[in-house]
Each structure stands twice: as C-alpha cells, then as structure tokens.
Amino acid sequence: MSSTKPEPHYFFLQLERIDFTAAVTLRSAICKVESSYPGFAYDFIVGILRRGDLGINMNESILRLQGTVSSNSEIEVRRHLSRIEDSVQELNRKSTSLKRILSRIPDEISDRKTFLETIKEIASAIKKLLDAVNEVATFIPGPSGKQALEQRKREFVKYSKRFSNTLKEYFKEGQYTYHNIEKANAVFVSALYLIHQTNMIMSTVRDICEKLES
C-alpha cells in the first residue's frame, strides 16, 4: 500500500497532462461501454496497471475508481432501461449506491470509528440491493430468466458472506490499523469481488430486459 493515496481520477489526470482531448474521449468511451457491460472499466484499468510499473496498490486504486465509474455510468444505464419497470430502475440505483460506498473503503479504513459506520452502510446497502433483486424477479415472465437472476443472487450472497468474514479477520485481535497492509489488501480484494458480483447482477438483468424488449 503506498504512503500517498492515489486519487480516483489519477489515470485520467495523467493522460490529460499529455493529451486533454484524448483523455475526455477515453473517459466518455469507457463510461459508455461500462453502461452496457458492467465491470469493463475494472478489467481495462487492471490491464493498464499490470503492464505498467506505477508503484501503487492495484486493488486499492481500482476500488477507489469504482465510485467514479458508477457515477459516470449511472445515467447511461438508466436510459438503456427507461422502458422497463420501475423496479429495474430501483435496482440500478441500489447497485450504484453499494459500489459508491465500497469505493470509500481505502479512504476510511484507517479510521476505526468511521470504518465501522461505513460497514453498517454496506450491510444496509447489500440488504436493499437484495430486496431490489427480489422485486425485479416478480416482473420476469417464465422460469429461465428467474433462474438466471436467482443464480446471480446466490453468488452475490456468497461473496457478501466472504466479505463479512474478511472484515472479521481484519478486526481480529485489534489489528485494524491502515498500515496492516496484508489484511487491508484482503478487504480491498473482497470488496472488489462483491462489486464484480453486483456488476454481474446488472448484466444479467440487462440481458433479460433486452429479451423482453425484443
């Protein structure tokens, strides 16, 4: 974990210094693709980080970036699903909210009191997202779509439990400082897995909606 925390816009800021127009174009293109294929931005930035020698914690940086990506892609997703029931719109909002809260972890993990409050927010956001998934399921006709969404839901629950267990390990024996690099990084990784599962739910819902609209 680096001593200086990289900002969420770190990558785009660096590109802007070289070519501002290219940076704006790239940001717009990534957000458009992210709206149709949730998780693309993560894979794209991970690829860049692995090829470059930037000397920063990849998991920490990607987790921060998720808050920015979620905000930028939200309108595009809503437009795409504008003809579908309000329950899908609500699921999108809950998905975005959860990812934004999770993206705050690197900045708040060093403050025990603040981090504990954030964990409560995450637990609440997870419950609201699951409730929204159940609501969407009531509008899906036929068994195949319902089964696909139910499978995504089970995977999400599995990784949310893993996230909870990772947090328990992090706080075990009072080891909760930001400088506990290994345990903090495990929290970052677990949060990223949870974000991935959130993206998979939205991707599945998008596919179902496209079939309903066709």
Side-chain angles (χ1 to χ4, degrees), residues 27-46 62-63 65-105 118-167 188-214:
R27 184 193 294 270
S28 176
I30 288 177
C31 291
K32 287 181 179 179
V33 177
E34 178 73 14
S35 69
S36 297
Y37 301 95
F40 167 80
Y42 169 78
D43 293 334
F44 179 78
I45 299 300
V46 164
I62 294 298
L63 187 54
L65 187 63
Q66 294 304 301
T68 303
V69 171
S70 298
S71 175
N72 288 336
S73 64
E74 184 176 14
I75 295 176
E76 295 295 333
V77 174
R78 286 178 178 172
R79 286 175 179 172
H80 177 70
L81 301 175
S82 62
R83 298 190 300 276
I84 310 302
E85 287 83 355
D86 291 342
S87 62
V88 176
Q89 299 283 7
E90 184 64 15
L91 174 59
N92 177 57
R93 287 190 286 269
K94 299 309 181 187
S95 169
T96 298
S97 176
L98 175 59
K99 288 191 284 185
R100 285 175 175 169
I101 297 170
L102 289 169
S103 74
R104 287 161 32 198
I105 289 177
T118 300
I119 292 171
K120 292 179 183 178
E121 287 186 56
I122 293 170
S124 177
I126 288 174
K127 182 181 182 303
K128 290 177 180 178
L129 186 144
L130 289 172
D131 288 342
V133 171
N134 291 335
E135 182 67 17
V136 169
T138 65
F139 290 93
I140 300 175
S144 60
K146 290 180 184 292
Q147 290 172 359
L149 186 56
E150 179 62 26
Q151 178 60 36
R152 289 302 181 198
K153 177 185 171 184
R154 286 197 293 266
E155 287 294 307
F156 177 86
V157 170
K158 181 175 72 174
Y159 280 93
S160 67
K161 290 179 179 177
R162 288 187 182 181
F163 178 71
S164 177
N165 291 334
T166 303
L167 290 174
F188 300 155
V189 171
S190 188
L192 286 172
Y193 275 122
L194 194 54
I195 286 174
H196 175 69
Q197 292 303 317
T198 303
N199 289 335
M200 293 304 294
I201 286 176
M202 292 308 303
S203 179
T204 298
V205 169
R206 181 206 69 215
D207 291 343
I208 293 172
C209 289
E210 288 179 347
K211 290 179 181 179
L212 292 176
E213 290 180 330
S214 61

State, to 0.1 Å, how close [X] and [Y] come at their nearest heavy-atom pair, and which atoms those are.
X	Y	answer
S160	I126	CB-CD1, 4.1 Å
T198	S95	CG2-OG, 3.0 Å
L129	L91	O-CD1, 4.0 Å
S87	V136	O-CG2, 3.5 Å
I101	A125	CD1-CB, 3.9 Å
L130	K153	CD2-CG, 3.9 Å

Roughly how far apart are [X] [atom1] and [Y] [atom2], rounded to 0.5 Å?
X	Y	atom1	atom2	answer
M200	Q151	CE	CD	10.5 Å
F163	L192	CZ	CG	10.0 Å
K99	L102	NZ	CG	10.0 Å
L149	Q147	CG	CD	11.0 Å

Quick check: do [X] and [Y] have side-chain heavy atoms less than 4.5 Å from each other?
X	Y	answer
F156	V133	no
N199	S203	no
S97	R93	no
L98	K128	no
I105	I122	yes
R104	E121	yes

### Message
For R100, is there any backbone N or O sitting under 3.5 Å from a side-chain donor or acceptor partner on S103?
### Response
yes

### Message
So does R162 get a backbone contact from the side chain of T166, meaning a donor-acceptor N/O pair under 3.5 Å?
### Response
yes

### Query
What residues form a ring-ring contact (aromatic ring centres under 6.0 Å, His included) with Y159, not counting sequence neighbours?
Y193

### Message
Using a strict threshold of under 4.0 Å (side-chain N to carboxylate O), is an ion pair present between E150 and K146?
### Response
no

### Message
Assess whether a salt bridge exists between R152 and E155, defined as any Lys/Arg side-chain N lying under 4.0 Å from an Asp/Glu carboxylate O.
### Response
no

### Task
Would you indicate whether K158, at its atom NZ, is surrounded by more than 12 heavy atoms from other residues, nucleotides or ligands within a distance under 6.0 Å?
yes

### Task
Please lay out, stage by stage, how K127 and D131 fare under the test side chain to side chain contact (heavy atoms under 4.5 Å, CB included).
CA-CA 6 Å; K127 182 181 182 303; D131 288 342; 3.1 Å; yes

### Task
Under the side chain to side chain contact (heavy atoms under 4.5 Å, CB included) rule, collect the residues that match up with N165, sequence neighbours excluded.
K168

